[in-house]
Amino acid sequence: MPELQEVTVDDLKHLVSDRAIKGETMLLNMGPQHPSTHGVLRLLLELDGEIVLNCIPDVGYLHTGVEKNMEAKTYQKAEVMTDRLDYMNNMGNNLSYVMAVEKLVDLDVPPRAQALRVILTELQRIASHLVWLGTSALDLAAMSMFLYCFREREDILDIFELVSGQRMMTTYFRPGGVWRDVPVEFEAAVRNFIKIFPKRIDEYEALLTKNPLFMDRTLGIGKLSGEDALQYGATGPILRASGVNWDLRKNRPYTGYEQYDFEIPVRTEGDVYARYLVRVEEMRQALRIVEQALDKLPMGPVRSDNRKFVPPPRSEIGVSMEALIHHFKLWTEGFPAPKASIYSAVESPRGELGVYLEGDGGPKPYRVHWRTPSFDNMQVMPIMVKGLLVADLVAVIGSVDIVLGDIDR
Amino acid sequence: MLLQYVAIAILIALTTAVALIAILLGELFGPKRKSKIKAMPYESGMNPIGPGTRRMPVRFYLVAMLFILFDIEVVFFLPWAVVFRKLGLFGLIEMIVFIVILLVGYVYAWKKGALEWE
Amino acid sequence: MNKKLEPIVQALQKEFDAQLEEFRDEVHLFIVPERLVAALTVLRDKHHFELLSTLSAVDYWPQENPRFHVIYQLTSVSKNLLLQLRVPVSGTAPVLPTVTGVYQNANWRERELWDMFGIKCEGHPDLRRILMPYDWQGHPLRKDYPLGYEEPQFTFNFDEIDLRKPYAKE
Amino acid sequence: MGVEEKLGNMGIVTTTLEQTVNWARTRAMWPMLFGLACCAIEMMSAQAADYDMSRFGMELMRPSPRQSDLMIVAGRVSRKMAPVLRRLYDQMPEPKWVISMGDCASCGGVFNNYAIVQGVDEVVPVDVYVAGCPPRPEALIHGVVTLYEKVQGMKFKAQV
């Protein structure tokens, strides 16, 4: 078990100002185990009293080597890894990987499966924003927000468990559609959630939006201009809070998003309060999408009948010989993908979640690269916190909404 | 005359007893395994950089002084609140004068920007 | 190929003699490392590709000469376009010019390239390992790097593994 | 573990003293706020209103190791995090226990590769392993109750 390396100031010479080396300003580890870093993120802070002069993030404390591990598994088995990447957005990860595989092998998806994917991804977006709202309000000392938000999140997790049998690591979307059709109680559960949730959002807004304490802690803190955001590659609510209207669901619609009408909340102030407003508005819009998708939920098969890539239903196996052959071939060896590379991106609650997938003709992906939004959103954070107080740094970390599984992959 | 103070004496004795027992039990029955790493300062899991005791900026001292000043002011309210009825109007005016004097100091500190951090 | 992308691709092919490859309406342009920074500045300023969304590499291990393909995925937010530049890099001395001057978010991604593939980016402000511990040997995402698979403990092989498993002393 | 060791075994006195001390320890065991990955989100759900771990004495998640008795390793431990985990375990005051929550902490789980420590018992001595990926909040609470039974049964052994 290796010993903890001794961190001397001189190997950081090129990063911190010379006042730190002389010992005038304080170098402090806001380290891997800290209540407000939302995971194992280490920030090396250069402090002059309470003012943050310089913030050097040090990531990698949750590096799980997912990209290397996915190269050793077949296309179907590799999907199990995707749930653990951004553990707040499991459905979204499944969706982006599954769409990449479908694009690579050119597989069609029946309309009912596409509508189910939209409903469950938007519910996952609401669940992810609820965790963000709960924990970042908790960081600003609003304890009750944490308990209210997790109460709603339990309803969504019950729906996921109803559908896929697992609360978080669902792996419900499969190449060519979804794993199996939704049970009968699914529509009633989602209808009930749609009925109660708008009142709950009004409860949150009543608690926080006009709250002078919350506004003092968030208005004008951590400002970010549109150009800087693009220059540092930030996407998602951070970019939209800085005035750039870029949302993949509108600009590059996928799995049928073009059929539903919803707005993209965009604000121009680009501070912590603007990001709060954008995300809360996004929760309302996501609920509208779920309602429209549920109303227009088409009947029909939930998985493509292209036997080359999709295992046949069990009923057919006892009857037809071809189905038995396809079943065994797919489950033992997996399906071969062409020797080419594609990039497919999805709008996750944190930004553009892209998958660069390269096949080599065999059943195993040759290279999988995950373009995760938190990796770039974390790069933007140091330029937002220069000159702020340490307490405001906590608010900015909350507003950036990073997930360490996303950053370290 | 002394009788009325017995209640307070019992209260003080009891509270110190409970406090001491809690510490004593912890000290007696708690296992003690000292180690160099356990004695090192905790810096969220990493090796602390630079000396622990270093020169602190003067603003902390300023904030501490202001706090002590206004805290003592509040302490003087307590005895006044106990005999508030008996003193009547005279006590009220006396306390208002006391507060006004400190209010001047407060406004002065505020305008000089002692409460701002920068 | 997207209609709006045609003129840009032609301009790039003439100016930087880039080869074109297409797959499922995706445009891949091959560019030599020396002309990379110039191509990126042209793309960012003239053709408004403001966002460098991905910067990663692929290791074609047994094939030695262009062993790595470094991929720059550019997105134009204003014109809603997607373009992919691929830069072949040799395996013996994998060196690339840094693009942090053109796109700031390449900073961490180039550190990740160095950490995972061992591709050095010259001129990078602080080229340290980003995901692995600082004293880690080897570059994990290379094809010749072992996966590090460990024999899982089941009932039948519990005892042998139990002997050599480094349990933590108290 | 202190003075009762030196006095040795005094029959009825030592056993009742053991029971009271062990009983006191299991009534307010504060875990350390140490969420690593996905299991941390389930731990937060276990702490929140629906499953409420506070019913079992785990009222507060103390952020610093100095004030916590129990370390719940919730999530996968990477090679870079292992020394930090060991440092935190060493800095916890003495009667301390470890729950390894989830498959990734117990045996490396889904990730059998170069980056993940295959089982956190290579880094810290573990008392209770909770299976599941991520274990349901009820499973974590079951793990905590199992730990309480283990603590109840602890004997004062002579200080070796």
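Values in this document were obtained by computation on a predicted structure and should not be read as measured data. Here is the naming used below: chain letters follow the sequence lines, and residue numbers restart at 1 for every chain.
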Proximal component of [X], with respect to chain C [non-hydrogen, under 4.5 Å]:
| X | result |
| --- | --- |
| A:I56 | side chain |
| A:D106 | both |
| A:Y366 | both |
| A:E71 | side chain |
| A:L239 | neither |
| A:N69 | both |
| A:E358 | side chain |
| A:Q231 | both |
| A:Y356 | side chain |
| A:T235 | side chain |

Looking at [X] and [Y], does any basic side-chain N land under 4.0 Å from a carboxylate oxygen?
| X | Y | value |
| --- | --- | --- |
| A:R350 | A:D406 | no |
| A:K250 | A:E347 | no |
| A:R409 | C:E112 | yes |

Is there side-chain contact between [X] and [Y], with heavy atoms separated by less than 4.5 Å?
| X | Y | result |
| --- | --- | --- |
| A:M70 | A:W370 | yes |
| C:K143 | C:R67 | no |
| A:F335 | A:V101 | yes |
| C:D135 | C:R129 | no |
| A:V109 | A:V98 | no |
| C:Y103 | C:R109 | no |
| A:L85 | A:Y97 | no |
| A:C55 | A:M381 | yes |

Test your reading of the model: is there a side-chain donor-acceptor pair from [X] to the backbone of [Y], 3.5 Å cut-off?
| X | Y | value |
| --- | --- | --- |
| A:R267 | A:V278 | no |
| C:R24 | A:K103 | yes |
| C:T41 | C:V37 | yes |
| A:T82 | A:A78 | no |
| A:N251 | A:D247 | yes |
| C:K4 | C:L81 | no |

* To do: For C:F30 and C:H69, run ring-ring contact (aromatic ring centres under 6.0 Å, His included): C-alpha distance rounded to whole Å, both residues' side-chain angles, the deciding distance at 0.1 Å, then the answer.
  => CA-CA 9 Å; C:F30 283 79; C:H69 274 192; 5.5 Å; yes
* To do: Could you tell me whether A:K308 atom NZ has more than 12 heavy atoms of other residues or ligands within 6.0 Å of it?
  => no
* Asked: What's the shortest heavy-atom distance between A:G92 and A:V346, and which atoms?
  -> O-CG1, 4.4 Å
Need one label for [X]: side chain, backbone, both or neither, based on atoms under 4.5 Å from any heavy atom in chain A.
| X | result |
| --- | --- |
| C:P166 | neither |
| C:R128 | side chain |
| C:Y60 | both |

* With rounding to the nearest 0.5 Å, note down the distance linking OH in C:Y72 to CD1 in C:I31. => 10.5 Å
* For chain A, which of C:I71, C:N107, C:D115 has the most heavy-atom pairs under 4.5 Å? -> C:I71
* Asked: With under 30° as parallel and over 60° as perpendicular, where do the rings of C:F117 and C:F68 fit, or are they tilted in between?
  -> perpendicular
* Asked: Mind checking whether A:Y257 and A:Y254 have parallel, tilted or perpendicular rings, split at 30° and 60°?
  -> perpendicular
Any residues in [range] near chain A, with a heavy-atom distance under 4.5 Å, and which are they?
| range | answer |
| --- | --- |
| residues 14-23 of chain C | C:F23 |
| residues 83-100 of chain C | C:Q84, C:R86 |
| residues 43-59 of chain C | C:R44, C:E50, C:L51, C:S53, C:T54, C:L55, C:S56, C:A57, C:V58, C:D59 |

* Among A:A72, A:P57, A:A229, A:G351, single out the residue with the greatest number of heavy-atom pairs under 4.5 Å to chain C. => A:P57
* **C:D162 and C:Y167: CA distance, side-chain angles, deciding distance, side-chain hydrogen bond (donor to acceptor under 3.5 Å, both in side chains) verdict** => CA-CA 9 Å; C:D162 210 23; C:Y167 280 109; 2.8 Å; yes
* Asked: Quick one: which residues of residues 372-380 of chain A reach chain C at under 4.5 angstrom, heavy atoms only?
  -> A:T372, A:F375, A:D376, A:M378, A:Q379
